[in-house]
Amino acid sequence: MTELVVKPVEASVLYELRRRVLRSNDPNQRVDDPRDADDTALHFGGFLSGRLVVSASFYPSEAPMSTELVSYQLRYMATDFDVQGSGYGAQVLAVASAELVARGAQQLWANARDTALGFYLATGWSTVEGSEHLSPYTQLPHTVILKKLPPAN
Ligand SMILES: CC(C)(COP(=O)(O)OP(=O)(O)OC[C@H]1O[C@@H](n2cnc3c(N)ncnc32)[C@H](O)[C@@H]1OP(=O)(O)O)[C@@H](O)C(=O)NCCC(=O)NCCS
């Protein structure tokens, strides 16, 4: 099996994959975030033989309903269609989490698509009861999820 290479990238590298996997390839939908270019934002790509197949972006942000920990918001988590279910999304999250811990992060949070909750539960996240809502961007059902990170060594 080809090894996945996970590395930090500029946000713009991820826009095409974000659009295709998360926005039905609709050219009229936004796939950026106002914080994309912030020094404190972190964007990761997962690459197979140089081809981008996973995107994940993290922004410093107070977690809803859990404000006491230093938190980052995960947005635009996506694995390209033909390689979903291969463990690559989980690998990118693991590499990103280690880097975020080194930067002082204690917790991750996200607005998760309900159709992806199985992925998040399998990778150690938990749902926030009563946080079910429709995304203002896609109108799809979402739930707030949290994941506590281990302390830095
Ligand atoms: C959700 C998504 C990011 C997961 O990435 P992935 O690379 O396919 O996931 P992985 O292969 O790393 O899966 C890791 C684990 O989660 C499980 N999993 C993945 N997607 C799942 C799903 N939709 N439902 C249930 N379990 C799922 C896998 O079976 C695996 O479990 P295991 O470790 O017990 O074998 C990807 O499927 C995707 O891009 N989906 C469409 C876009 C989307 O919904 N993004 C999330 C927006 S919040």
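What you are looking at is a predicted structure, and each value in this text was computed from that prediction instead of being measured. Each ligand, and each atom within it, is numbered from 1 in the order the structure gives.
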Within the heavy-atom cut-off of under 4.0 Å, ligand 1 is lined by Val21, Leu22, Met77, Ala78, Thr79, Gln84, Gly85, Ser86, Gly87, Tyr88, Gly89, Ala90, Ala112, Arg113, Thr115, Ala116, Gly118, Phe119, Tyr120, Ala122

Applying salt bridge (Lys or Arg N to Asp or Glu O under 4.0 Å), name anything that partners Arg20, two or more places apart in sequence or on another chain.
Glu16, Asp80

Hey, any chance Val92 and Leu48 share a hydrophobic cluster, counting ILVMFWY side chains that come within less than 4.5 Å of each other, even indirectly?
yes

Does the structure place the NZ or CZ of Arg103 under 6.0 Å from the centre of the six-membered ring of Phe58, at an angle of no more than 45° from the ring's axis?
no

Would you say Tyr137 and Val31 make side-chain contact, with heavy atoms under 4.5 Å?
no

Rounded to the nearest 0.5 Å, what's the gap from CZ on Arg19 to CG on Leu14? Could you check?
13.0 Å

Do Gln106 and Ser71 meet the criterion of a side-chain donor-acceptor pair at a distance under 3.5 Å?
no

